[in-house]
Amino acid sequence: MGNVTVIGAQWGDEGKGKIVDWLASRADAVVRFQGGHNAGHTLVVGETTYKLSLLPSGIVTGTLSIIGNGVVLDPWHLKEEIAKLEAQGVRVDADNFAIADSCALILPLHRDLDGLRETAAGTGKIGTTGRGIGPAYEDKVGRRAIRVCDLAHLDALSPQLDRLCAHHDALRAGFGQPPVDRAALLAELRDIAPTVLAYAQPVWKRLKKVRKAGARILFEGAQGVLLDVDHGTYPFVTSSNTVSGTAAAGSGLGPASTGFVLGIVKAYTTRVGSGPFPTELADATGQRLGERGREFGTVTGRKRRCGWFDAVLVRQSCAISGVTGIALTKLDVLDGFDQVRICTGYRLRGKILDYLPAHAADQAAVEPIYEEMDGWQGTTAGARSWADLPAQAIKYIQRVQELIETPVALVSTSPEREDTILVRDPFDD
Ligand code: IMP
């Protein structure tokens, strides 16, 4: 019995929610290890819908939920998310929830900068979630972040605030903005500190104990490999490493602890925000995928761009992230198409490529090479075994598996937990 790391293998929004819920209900601890409240996750338990952005999914079922050091934490958002959950009857206390004391904080000045930059960039904007994620990671790496542990030492914060504000004041001046109101920031930090400190601890120690007791740990990734700051479609990426390897560094457990890597893969492709997207369909087919798949962002409500399945990208993501097996989601969105297409390679200035090149201009210029297959007229929605699937849908899954060189561990056929074809249980691997 091992641990499981779940990551998105495309540009996020692969349908991690349902898979993570199912795994979280069987885990003893759930750990977020990167990103922040740019993630969006809707949980439906019985009649109740819970919306999570920052808290790990285990929180709803009372499973030990941990925010690892790799996450950037907005303390005011945290307070709001906890209050909403508590109003829905969810218990959040120091027994079932912990935050790494070394987490870097997202401050109002980060949100400001995120917005100022995006506005100034005009059509060249990244299309961020506007939550200050990038600027907060910059300050962390720039060694001027305010961290969770600093909230216990606010009287000694002056030199750090000087460094941080000097940096931001210079940037703000460039945008014609007034300097940071230091007194107001300090007062806000004083006000919020007790909320965060109630859960703060060296979570690596807690995880070490959990691990020693033989508990099952679920590492819950956010976004997707193609948004990874090193491996994604740079600069149209998020500011963290979204690959499976981050589960170790972002939580304080070694790489041997991260276990089965489950890559979540949507049966077609979507992307929210700007950046290259080789198989994007700006036509009626793209529209149909978006409508059938209800492709609107959970955090920002933005319409997602849609296109055919890109096996080149997913093969690359699976290799980079060491994916053990995939969960294929939203297959039913392809129901009823006469023909379906899969991208098997790219053409770039007369050359054939079997990978996505690193340079942004090349990424924008690659043309997809498609393989066409017959679609299926029956429905895959709600299927719970291979026997429930139309023969052509099985052929599609097999072709996907072959092209991405990674086996299918499960197929999800509706938002309902039971509507899943389980080939290989990641926890039993
Ligand atoms: P940021 O993470 O807010 O800086 O946004 C950077 C890019 O990542 C933008 O294209 C966002 O749309 C995208 N992004 C961030 N979080 C998510 C997510 O949870 N799902 C899908 N895209 C995301």
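One-based numbering, in listed order, for ligands and for the atoms of each. Position 1 is the first residue of the sequence; numbering continues from there.
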Can you tell me which residues line ligand 1 if we count any heavy atom under 4.0 angstrom from one of its atoms, in chain and number order? Trp11, Asp13, Asn38, Ala39, Ile126, Gly127, Thr128, Thr129, Gln223, Leu227, Val237, Thr238, Val272, Gly273, Arg302
Just jot down the ring pair (Phe, Tyr, Trp, His ring centres under 6.0 Å) partners of His41, sequence neighbours excluded, or say none. none
Quick one: ring pair (Phe, Tyr, Trp, His ring centres under 6.0 Å) partners of Phe277, sequence neighbours excluded? Trp11
Indicate whether the side chain of Asp112 and that of Gln177 have a donor and an acceptor atom separated by less than 3.5 Å. no
Quick one: sort the His77 and His37 rings into parallel, tilted or perpendicular, breaks at 30° and 60°. tilted
Contacts of Arg302 that satisfy salt bridge (charged side-chain N to carboxylate O under 4.0 Å, His left out) - sequence neighbours left out: none
Heavy atoms from other residues, nucleotides or ligands near CZ of Arg190 exceed 12 (cutoff 6.0 Å): yes
